[in-house]
Amino acid sequence: MPAVNILLTEAQIEERVRQLGREIESDYQGKPLTIVAVLTGSLILLADLVRQIHLPLRVALLQASSYKGATTSAGALIINEAFAPDVAGRDVLLLDDILDTGHTLGTLVHRMHERGAASVRTAVLLRKVGRQEVHLEPDYCGFVIPDAFVVGYGLDYNDDYRHLPHVGVLDESQVRDHP
Ligand code: XMP
């Protein structure tokens, strides 16, 4: 298996996710929170984060894919909302693994408003520096990271590495087409 250079340790991620959970909990007191997680990259974050939020909440899933097995995020966004229930009147928190160009979350924020959400906020574990094309300030952000292709803690390269408990940068010789 190609080498992964650790960028964020398991302990760092655990502590930051706990902090984000506390922030979200205090911001959503008395509101009907629905966390809409973007598959597949945010699955592990979702599982850890919801256990830090001690409020009644719903979890919904949708799938958005803008790249197929490679390391670029170019291409049309395909959204599958089969597992996203009615969000009308709900306070939606969109959860994604990483904010890169911003096209994914930008599109999904728009989509949640179209579907009648009472409010829409965004949360990401990671935000890459110098890549954003769509103006969007995530409401909750775990870490700002350099522009490198990262894997682990849900993030994949060709569907591998998601299970790593840390976030790491793939050895450059292993990454073929990251711009
Ligand atoms: P945009 O550009 O729409 O991209 O903000 C968000 C989606 O692109 C994928 N992505 C990555 N996946 N390592 C990954 O494993 C990365 O470094 C990376 N950068 C972007 C990811 O699916 C994210 O939801």
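Whatever order the structure lists ligands and atoms in, that order sets their numbers, starting from 1.
- Listed by chain and residue number, Ala88 satisfy the side-chain contact (heavy atoms from CB on, under 4.5 Å) test with Asp86 (two or more places apart in sequence, or in another chain).
- Residue contact check: Asp96 has heavy atoms under 4.0 Å from atoms 24 (O) of ligand 1.
- Separation of atoms CD1 (Ile35) and CG (Leu93) is listed at 5.5 Å; rounding is to 0.5 Å.
- Those atoms of ligand 1 with a heavy atom of Leu155 less than 4.0 angstrom away are 12 (N), 13 (N), 14 (C), 15 (O).
- No donor-acceptor pair closer than 3.5 Å links the side chain of Glu10 to the backbone N or O of Glu14.
- Across all their heavy atoms, Thr122 and Pro138 have their closest contact at OG1-CA, 3.2 Å.
- Of the possible polar contacts, one joining the Arg90 side chain to the Leu33 backbone as a donor-acceptor pair under 3.5 Å is found.
- Residue contact annotation: Asp97 has a non-hydrogen atom under 4.0 Å from ligand 1.
- In this comparison of Arg127, Lys128, His103, the heavy atom closest to atom 19 (N) of ligand 1 sits on Lys128.
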**Request:** Let me see the working for Arg22 and Glu25 under salt bridge (charged side-chain N to carboxylate O under 4.0 Å, His left out), right down to the final yes or no.
**Result:** CA-CA 5 Å; Arg22 279 201 292 268; Glu25 186 178 303; over 6 Å; no
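- Atoms of ligand 1 found under 4.0 Å from any heavy atom of Asp156 (numbered from 1 in listed order, with element): 14 (C), 15 (O).
- If you check each of Gly154, Gly102, Gly41 against atom 5 (O) of ligand 1, the one with the closest non-hydrogen atom is Gly102.
- For atom 21 (C) of ligand 1, the nearest non-hydrogen atom from the set Val169, Val151, Ile98 comes from Ile98.
- Taking a cut-off of under 4.0 Å to the non-hydrogen atoms of Thr101, the atoms of ligand 1 that pass are 1 (P), 2 (O), 3 (O), 5 (O).
- Against a heavy-atom cut-off of under 4.0 Å, Ala148 is close to the following atoms of ligand 1: 17 (O).
- When the salt bridge (Lys or Arg N to Asp or Glu O under 4.0 Å) test is applied to Glu133, no partner is found at least two apart in sequence or on another chain.
- Nearest-residue assignment for atom 6 (C) of ligand 1 (options Thr104, Leu77, Leu39; heavy-atom criterion): Thr104.
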